[in-house]
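Following: one structure in structure tokens, then a few remarks.
Indexing begins at 1, ligand by ligand and atom by atom, following the structure's order.
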Amino acid sequence: MFIGHFGLGFGAKRFAPAVSLGTLFLAAQFADLLWPTLLLLGIEQVRIDPGITVFTPLDFVHYPYSHSLIAMVAWGAVFGIVYKLAWRSRPSQAILLAALVVSHWVLDVVTHRPDLPLTVGGAERYGLGLWNSIPGTLAVELPLFLAGVFLYVRSTAPRDRTGRIALAGLVLFLLAVYSTNLFGSPPPTSEAVAWVTQSMWLLVAWGYWVDRHREPVTSRPAESRR
Ligand SMILES: [Zn+2]
């Protein structure tokens with residue numbers, strides 16, 4: 001799953017107006033942001049196997065530290081605790097961010113082949129394989145993304161022109177990247193996969209940029225923004 005994770009990040013703004021969109025993206029995509037570094041370090045492995053699913057040629061051979069359920073629960077706990085301590089945030093915000101980190105596993109289970117581990121060392125693998133069907137993948141992921149964007153737009157208002165344009169640009173860019181996933185040719189090497197995935201950090205930065213130019217629409221007294 002790709003834009004579905006961003007959809008969840010967008011939508012979470014509705015429930016945590018004081019948390020920046022960049023932080024929400026960081027939580028929802030934590031597993032995929034960590035993964036390329038672990039690939040480059042040789043700790044996790046991916047193979048390119050065109051046709052393994054119709055949606056992606058990637059065979060996720062070994063990725064227990066970024067993508068097992070137990071690891072995501074641990075990363076989620078660390079994420080929530082660090083955020084709580086660093087920003088003296090409300091417990092509800094820390095819990096929401098931890099849940100977003102773990103949500104990545106749940107969404108990935110829907111789309112991946114049975115390749116997602118439960119634990120770091122265990123042999124069992126999970127995945128419902130929605131990636132075997134392009135219409136099925138689009139039918140799940142696009143509405144999830146659009147619903148999240150809708151919630152974000154409804155929960156925030158632009159402070160200036162940038163708040164409108166940077167958001168529209170981000171949404172269109174994500175949709176464009178998603179369609180190149182669909183129609184592009186498979187990457188040449190697993191190292192190329194890792195470097196392309198590293199560029200997702202730019203989307204996190206883009207989220208912070210958009211959010212600085214928008215403000216929460218809320219009847220409650222303004223919270224300090226992070
Ligand atoms: Zn993932």
Side-chain angles (χ1 to χ4, degrees), residues 1-12 22-49 52-79 97-120 122 124-134 136-138 140-142 144-145 148 174-175 177-182 184 186-187 190-204 207:
M1 187 158 291
F2 175 63
I3 54 171
H5 298 300
F6 286 98
L8 238 61
F10 272 117
T23 307
L24 297 170
F25 280 178
L26 192 60
Q29 282 290 42
F30 191 79
D32 285 359
L33 290 162
L34 182 65
W35 177 63
T37 299
L38 297 177
L39 286 179
L40 291 169
L41 291 173
I43 295 168
E44 298 198 335
Q45 279 92 41
V46 69
R47 272 189 329 146
I48 295 147
D49 186 354
I52 191 164
T53 71
V54 293
F55 197 81
T56 174
L58 301 183
D59 178 8
F60 301 92
V61 179
H62 182 68
Y63 58 168
Y65 304 103
S66 65
H67 274 79
S68 67
L69 178 60
I70 195 96
M72 287 204 212
V73 168
W75 289 123
V78 169
F79 198 108
L97 288 167
L100 267 182
V101 174
V102 179
S103 77
H104 190 105
W105 194 84
V106 178
L107 293 190
D108 273 4
V109 158
V110 176
T111 52
H112 283 226
R113 296 184 318 122
D115 60 28
L116 285 151
L118 266 191
T119 62
V120 169
E124 67 285 8
R125 298 282 183 272
Y126 296 86
L128 300 176
L130 193 63
W131 271 339
N132 290 316
S133 159
I134 287 180
T137 303
L138 295 179
V140 169
E141 208 166 353
L142 272 181
L144 196 60
F145 176 70
L174 283 167
L175 289 171
V177 170
Y178 193 55
S179 59
T180 55
N181 276 0
L182 259 180
S190 56
E191 206 180 14
V193 173
W195 285 113
V196 168
T197 311
Q198 289 290 26
S199 65
M200 213 152 59
W201 287 99
L202 295 173
L203 295 170
V204 173

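Closest N/O/S atom of Asp32 to the Zn ion (ligand 1): OD1. Taking the Zn ion (ligand 1) as reference, His104 places its N/O/S atom NE2 nearest.
Of the N and O atoms on the side chains of Ser66 and Glu44, at least one donor lies less than 3.5 Å from an acceptor on the other residue.
For the pair Leu144 and Leu8, the tightest heavy-atom approach, listed with the atom from each and the gap, is CD1-CD1, 4.2 Å.
At the Zn ion (ligand 1), the vertex angle linking OD2 of Asp108 with NE2 of His67 is 90° (nearest 10 degrees).
In this structure, Trp131 has its ring center closer than 6.0 angstrom to the ring center of His112.
Around CH2 of Trp105, the count of heavy atoms belonging to other residues, nucleotides or ligands within 6.0 Å exceeds 12.
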